[in-house]
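Structure first, commentary second.
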Number of protein chains: 2
Amino acid sequence: MASGISLKELAAELKLAPSTVSRALNDSYEISEATKKKVISMAEKLNYHANPFARSLRENKSKTIAIIIPERINSFFAQVMDGIEEIAQEHGYHLLIYNTHEDMERERKIVNLLLNGRADAIAMSVTSQTSDNSHLKKLHDRGLPIIFFDRISSEIPTTKFITNDYESAYEATQHLINQNCKKITFFTLCVDLSISKERQRGFNDAIADAGIELDPSMTLYCGHDEQSNIEKIQELLNSANRPDGIVTSVEKLAFATYQALKRTNLRMPNDLKLISFSNSSIAGLLNPSLTTITQPASMIGSECAKLLIKKLTKPNHYDLIDQVITIPSKITIRESTCQE
Amino acid sequence: MASGISLKELAAELKLAPSTVSRALNDSYEISEATKKKVISMAEKLNYHANPFARSLRENKSKTIAIIIPERINSFFAQVMDGIEEIAQEHGYHLLIYNTHEDMERERKIVNLLLNGRADAIAMSVTSQTSDNSHLKKLHDRGLPIIFFDRISSEIPTTKFITNDYESAYEATQHLINQNCKKITFFTLCVDLSISKERQRGFNDAIADAGIELDPSMTLYCGHDEQSNIEKIQELLNSANRPDGIVTSVEKLAFATYQALKRTNLRMPNDLKLISFSNSSIAGLLNPSLTTITQPASMIGSECAKLLIKKLTKPNHYDLIDQVITIPSKITIRESTCQE
DNA sequence: CATAATTTCGAAATCGTTTCCGCATTTTAT
DNA sequence: ATAAAATGCGGAAACGATTTCGAAATTATG
């Protein structure tokens, strides 16, 4: 609790005015080199560290960026966070982390917490339930720089980073068609989410463009509970018109499919081919190894951070214009979609 | 940048003194219910949010906990962070995240940043290079509550949370011996780390207790580079005295072993059995599924947070006494160590 | 009714910085 | 030689909240 020495005490020790010491430490041109040296060395000696709150209060900025993610830290969000962290640390920014746990009410609370300057900027991925975004609007109206990534809120006019969900899903589906799949199913989670919609659209279009009749049974809606997902998938795989190709829109549904598959006597890739959106580093170690669409998570994170910091350091030179920046995903073909 | 309305402005609007408004908002007994109601509703109406820096400056506390981790967010640290986040959010605490990237110099810098009250408490896992811990000592001497988890610094007299690394490694090794392995090798990363040492010790003792002669070739030292690890392991597997059982002290070395194995014609578990420390949720999906020692990561995180918050809210009732609390890991036996 | 006790609120200090303004003193220009 | 400008520093206000102390208004008490 002993919070160290203050600027005033340091000044007293040096027999200088606080204003002089402050300027010396901030390398002001008004202070002679001689006194600067004296001040700095005394500060070192007495282990002086400026109080961040006093400074933030005075300067009305916190040198802090807040990250808001919607769920427990999975491989995707971990990589995004790592990407942001790298850039933030490089520029001396601090990082606050919040998790909305897919709960819009929590999202609203957290956003309100950030309304008072605790963070200078925000990078966030919205909740799957975020229908009303008045709280986000308020944040934006206050002038707080905010960037969305992955799960974006299109109604807030700012910069958003996503990956090419539509194209990737299209390509993934096309890949299965090329591998001779006749009945392809799309596994998805939350239909309200921007990325889910895009991926679904990519799937639908690829199916339609291949001249296949699109019907609702070609989409399986899953939930957040692992076990019931597995059962639901198992049921599908045991049914009469089981698919011979699957595109899963999120990593965890691919894993659930592996689990479900274990309980059947179907073989992958012979009876069934699987391709999934995933950032897991061990997709190549699964049995069979999993063909993936890998999102550029780390780069999304670092680009968010770079842009935010640019905006913060040169507010007039950069603007978070209302645009969606797409960083393409990468499809890695592995055994799970091999031709038998 | 428009940082909202201030207490003073709110007071002016209400034709009350700032002190009264402050007390009303903090539910002081000195204020009548009538004025409290008026103040609160006006605060709502004008969207007043207290400036956190002014408050922190005055109260000398930040309602913030800092987490310092030593490397990119893997499944273990992700779970720890989730555990901390859950408890922190419950109690209205904010979370700052720092990553030392296994660099002691960065660790020192980050720790120095926290020397001035930016965080009320710290939960950290040290760098593998942390030999000199004067910076940690300084932090502790200042009276800042600090807790170590997983990678602990035993010289700082505070509470530490670890898992039973020694026993787990011992049991894991014993398990391989019971499965008829005759030549067992231990794969490890950093020998300086407390946890590495403990795991190594557990392995060594299990080997010795089984009446097997312990020799240095039974330990393979790996590095941080994925590819060279794979090559090193591959080389070992192709050598004359290849092991028939492996205990890997960290997750990534198990994955590297899977990769290396692909390049040989050895079969798991027939020719080789593998058990690893790991928190990956998809160990069961590997081919063959991986027998794991799972650390109670989430619980470690939540226990850290609970204890820190107790200490912060009732400083006199709780003390971070110099003790090591062990939360046991759990061994899950899967195909990779099955009897053929 | 006068005095004491209680309730309710205001004025001002305070936390640790930064910065505007002012004031010597010295240097440069005319 | 005198005016102008530059240099180096100090004093004090300000950021926005909390809190100590004290005063006014209300109620209770004798």
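Only heavy atoms go into these numbers, but all of them, side chains included; no hydrogens, no water, no symmetry mates. Numbers restart at 1 for each chain; the letters A, B, ... are given by sequence-line order, proteins then strands.
Ring geometry, A:Phe76 versus A:Phe149: the interplanar angle falls from 30° to 60°, so the pair is classed tilted.
Counting any heavy atom pair closer than 4.0 Å across all strands shown, B:Arg58 reaches a base atom. Using a 4.0 Å heavy-atom cutoff across all strands shown, B:Leu57 reaches at least one base atom of the nucleic acid.
Side chains of A:Gln89 and B:Arg106: a donor on one and an acceptor on the other come within 3.5 Å.
Nucleotides of DNA chain D nearest to B:Phe53 and A:Lys15 differ in position, and the one nearer the 5' end is that of A:Lys15.
When the side-chain nitrogen and oxygen atoms of B:Thr35 are compared with OP1 and OP2 of C:dC9, one or more of them lie within a distance under 4.0 Å. At least one side-chain nitrogen or oxygen of B:Ser32 sits closer than 4.0 Å to the OP1 or OP2 atom of C:dC9. A close approach under 4.0 Å does occur between a side-chain nitrogen or oxygen of B:Tyr48 and OP1 or OP2 of D:dA17. An OP1 or OP2 oxygen of C:dT19 is reached within less than 4.0 angstrom by no side-chain nitrogen or oxygen of A:Ser19.
The separation between B:Glu9 atom CD and D:dA17 atom P is 9 Å, rounded to whole Å. Regarding B:Asn51, its CG atom lies at a distance of 16 Å from the P atom of C:dT17, rounded to whole Å. Here D:dT7 presents its C1' atom at 12 Å from NZ of A:Lys36, a figure rounded to the nearest Å. Between B:Asn60 atom CG and D:dA17 atom P there is a gap of 18 Å when expressed in whole angstrom units. In this structure, the CD atom of B:Glu30 is 11 Å from the C1' atom of D:dC21, given to the nearest Å.
Checking side-chain atoms of B:Thr100 against main-chain N and O of B:Thr127 turns up no donor-acceptor pair under 3.5 Å.
Taking both residues in full, the closest heavy atoms of A:Met42 and A:Leu14 are given as CB-CD2, 3.7 Å, listed atom of the first, atom of the second, then distance.
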